[in-house]
Amino acid sequence: MTKNIMIVGVGGQGTLLTSRILGGITLDAGYDVKLSEVHGMAQRGGSVVTFVRYGEKVAEPIVEKGQADVLIAFEQLEALRYAHFLKKDGVLVVNEQKIEPITVVTGAAQYPEGIIEGLEQEHTVYKIDAMEEAKRLGNSKVFNIIVLGIAAKHMDFSKEAWIKIIEKTVPPKTIEINKKAFLKGYEG
Amino acid sequence: MLGNEAIARGAYEAGVKVSAAYPGTPSTEISENIVKYDEIYAEWSPNEKVAMEVAIGASISGVRAMASMKHVGVNVASDPLYTISYGGVNGGLVLVAADDPGLYSSQNEQDTRCVARAAMVPVLEPSDSQEAKDFVKFAYEVSEKYDTPVIIRTTTRLAHSQGTVTLEERVEPEDKPYERNPAKFVMMPGNAIGRHLYVEKRMKAMAEDSCTFKINKVEYNDTSIGFITSGIPYQYVKEACPNASVLKLGMVHPLPKKLIEEFASKVEKLYIFEELEPVIEEQVKSWGIEATGKEVFTVQGEYSANMIREKILNEKVDSKEPAKVPARPPILCPGCPHRSVYSVLNKLKIHAAGDIGCYTLGAVPPLNVIDTTICMGASISTLHGMEKAKGKEYIKNWVAVIGDSTFLHTGVNSLMNMVYNQATGTVLILDNSTTGMTGHQDHAATGKTLKGEIVPAINIYELCKAMGIEHVVEVNAFDTKELEKIVKEEVARDAVSVIITKSPCVLLKGNVFPYKCKPVEEKCKKCGACLKPGCPALTKNPDGSISIDDTMCNGCGLCEQMCKFDAIERVQA
């Protein structure tokens, strides 16, 4: 059975690094895997989405509406934007951070209230203020790996496998802090 | 492996010796990966026409060569492409053209297969990373066997998807001997007539032979429904209808007519499933074959498996309606020098003829400066056209804005034209020392090559001066007072002038300012002036005061300059 993971956020939040870690672990486990990423203009602070699909044999590289097993959202509004991609029994892992899009900053739109509460009505939601946790660890940039750590609990790989792939994927100087961040999410 | 990485690997394994390209999403990573192979000479050329011609030269000299570019780049390269189709090759010649269905990062959604049909060049279309690598290698065989350049057509979804790829060794084909052959490579009328006839013959032979090419693959399953498809859409067919019969075309031009006729005769209901233009469909229908295509599928955007489920299988896709949420369009980064320039132009109520790059984002609120964006280099010539149509007074509140890389790409010619034809317009060259939007590629004015060698940089200031432009001014993009003064002077002037706003992209390594901007609460008058340039690090609090996100602020100090009340200070980071 193919497993469908989505990572959504705002350009610059590290969706590419996270998807590479995910892609790496699925490959190491011997699955066929396809990843689809966004590069270029959309990266400039826009809404970005990355798909990871793994299984015995994967055809299409994208996850479609109503098919995601796990939705990893680095920002609240982006969680809401892509929530309809979740399966009925899919899991949403969301960072509580809010980043106002330019449409809100200029007053053309309003940032919705009560996003997470609303999503909790319909989905299994795991939320975390990952930015705060990351600052406590001493590097706000690793918030995304904390979120990944929570999501990892809903996938089929061992803790050791995760640690190994993080060591292999992140820049050498940041291995220790990223490992700490992952465990923060994984072990709570 | 990313599709683009697989293409680079294919070039390596095929024994390619020369690669030339201009960066453009979604093709950029091809060169960024090719450069890792020491066996291949790889360069960023100033534009796609130059890149194509470099590859052509390498091919004529007898080695395998590649040019890569995005779909609109093919327009720039089309002059040499159309004619080298006549000339053919010596060493194999492949052009990788990356289409962008869904317009993730482009100004149009054109279909390279249409160009290829007009240029009479064969097109191969892979459907995953493994095929991307394999098809590149096969393309060189086709190129040399049929004496033709070959186009590999990719799309964003292929270029930026990763899949598993089996690696093989590099082959080192011997260089083809060079012999002078004007009848083939000097395309003047007398020679071109003969070559045009050859091209006709070549395309017919390929159409015939491609019926047995392995890359044109028939999968017979349930014959009540059959698909002719290619590229990424093939994956959607396999996902939605794993039991349908499929003719998967690896070569989408010319088409294997006999193979298609045979397939069509064996399936009850035939669908043609191709993104963008009905290129396969129109040809197939012109042969009298009954099929369904664009009657149910759109010409716009990307396809999906759900599209087949809904439109053909009449299955209801089980998902909620998407929530209505505020859009999040891309924006200039915090600390971007373009924002500073646009805040000045916005203040002076100046209209800009724009160009292609990150700075195209100056078109959207709250900056609202750019009125036009057509293609690479068009800003300068568009402004010139306006002046010639309406007179010099009309453009006194207009400028052209163009980036450094785009200026060298095709802006230079337009500036020459302004000088030659006695224009009076003002051109702003937003020099951020890189090709920004595609992810920081070097160019002729950065002093560094794709291979990382340090080389003499083209001096844009001197280049403009050498054209005979008297008024060329350089200014720090973040010095808003000075910039404002200069812009006022130059737009008023009855002569061509160039303002080079210099400040490196803040995302370039080592260019983040060593500062952070902080609000000083007690001084804030809640006027909102600091919010005007639309820096994403700033947010307005419910009481009208502002917050600055420490993790996002790059310390450029533009908000500090916007504030008349010293209510924002720039402190050491």
Enquirer: Should we count NZ of A:Lys87 as having more than 12 external heavy atoms under 6.0 Å?
Expert: yes
Enquirer: I need the residue from B:Ala305, B:Cys333, B:Gly436 with the largest number of non-hydrogen atom pairs under 4.5 Å to chain A.
Expert: B:Ala305
Enquirer: Could you walk me through whether B:Gln162 and A:Glu37 pass the side-chain contact (heavy atoms from CB on, under 4.5 Å) test, one step at a time?
Expert: CA-CA 8 Å; B:Gln162 299 195 39; A:Glu37 316 170 337; 2.7 Å; yes
Enquirer: Only pairs under 3.5 Å count here: list side-chain donor-acceptor contacts from residues 163-170 of chain A, not counting sequence neighbours, and write none if there are none.
Expert:
| residue | atom | partner | partner atom | Å |
| --- | --- | --- | --- | --- |
| A:Glu167 | OE2 | A:Lys179 | NZ | 2.7 |
| A:Lys168 | NZ | A:Asp28 | OD1 | 3.4 |
| A:Lys168 | NZ | A:Asp28 | OD2 | 3.2 |
| A:Thr169 | OG1 | A:Ile165 | O | 2.5 |

Enquirer: Side chain, backbone, both or neither: which part of B:Thr551 has a non-hydrogen atom closer than 4.5 Å to chain A?
Expert: side chain
Enquirer: For side-chain contact (heavy atoms from CB on, under 4.5 Å), just list the numbers for B:Tyr303 and A:Glu60, CA-CA rounded to whole Å, side-chain angles, deciding distance to a tenth of an Å, and then say yes or no.
Expert: CA-CA 11 Å; B:Tyr303 283 8; A:Glu60 73 172 324; over 6 Å; no
Enquirer: Contact part of A:Lys88 toward chain B, heavy-atom cut-off under 4.5 Å: side chain, backbone, both or neither?
Expert: side chain
Enquirer: Judged by atom type as modelled, is there a donor-acceptor pair below 3.5 Å linking the side chain of A:Thr106 to the main-chain atoms of B:Pro366?
Expert: no
Enquirer: Taking every non-hydrogen pair under 4.5 Å, which of A:Ile115, A:Ile99, A:Thr2, A:Val105 racks up the most with chain B?
Expert: A:Ile99
Enquirer: Are the side chain of A:Arg81 and the backbone N or O of B:Pro322 linked by a donor-acceptor pair below 3.5 Å?
Expert: no
Enquirer: Using 0.5 Å steps for rounding, measure from the CG atom of B:Asp549 to the CD atom of A:Glu100.
Expert: 11.0 Å
Enquirer: Name the region of B:Asp550, side chain, backbone, both or neither, that has any atom closer than 4.5 Å to a heavy atom of chain A.
Expert: neither
Enquirer: Taking all non-hydrogen atoms of both residues, which atom of B:Glu321 and which atom of A:His84 are closest, and how far apart?
Expert: O-CB, 3.9 Å
Enquirer: Please flag which part of A:Glu75 lies under 4.5 Å from any non-hydrogen atom of chain B: side chain, backbone, both or neither.
Expert: side chain
Enquirer: Please identify, among A:Lys135, A:Glu78, A:Met131, A:Gln67, the residue contributing the most non-hydrogen atom pairs under 4.5 Å to chain B.
Expert: A:Glu78
Enquirer: Side chain from CB out, backbone as N, CA, C, O: work out which of these in A:Phe51 comes under 4.5 Å of a heavy atom of chain B, or both, or neither.
Expert: side chain
Enquirer: Between A:Val33, A:Val52, A:Ile62, which has the largest tally of heavy atom pairs under 4.5 Å with chain B?
Expert: A:Ile62
Enquirer: Run the side-chain donor-acceptor check on residues 532-539 of chain B: report pairs under 3.5 Å with partners two or more places apart or on a different chain.
Expert:
none

Enquirer: For the pair B:Glu239 and A:Arg53, find out whether any cationic side-chain nitrogen is under 4.0 Å from an anionic carboxylate oxygen.
Expert: yes
Enquirer: Return the option, out of A:Ala109, A:Ala59, A:Pro112, A:Gly107, with the maximum number of heavy-atom pairs under 4.5 Å with chain B.
Expert: A:Ala59
Enquirer: Where on B:Leu507 is there a heavy atom nearer than 4.5 Å to chain A: the side chain, the backbone, both, or neither?
Expert: side chain
Enquirer: For atom NZ of A:Lys153, is the number of surrounding heavy atoms from other residues, nucleotides or ligands below 6.0 Å larger than 12?
Expert: yes
Enquirer: Provide the closest heavy-atom pair for A:Lys65 versus B:Val317 in the form atom of the first, atom of the second, distance.
Expert: O-CG1, 4.0 Å
Enquirer: Scan A:Ile102, A:Val104, A:Leu77, A:Thr103 and name whichever one has a side chain to side chain contact (heavy atoms under 4.5 Å, CB included) with B:Arg328.
Expert: A:Leu77
Enquirer: Surrounding CD of A:Glu56 (heavy atoms of other residues, nucleotides or ligands, distance under 6.0 Å), is the total greater than 12?
Expert: no
Enquirer: Take B:Lys238 and A:Lys57, measure what side-chain contact (heavy atoms from CB on, under 4.5 Å) needs, and give me the verdict at the end.
Expert: CA-CA 11 Å; B:Lys238 294 306 280 183; A:Lys57 178 79 193 138; over 6 Å; no
Enquirer: Only pairs of heavy atoms separated by less than 4.5 Å count here; which of B:Ser304, B:Ala323, B:Gly3, B:Gly163 has the most with chain A?
Expert: B:Ser304
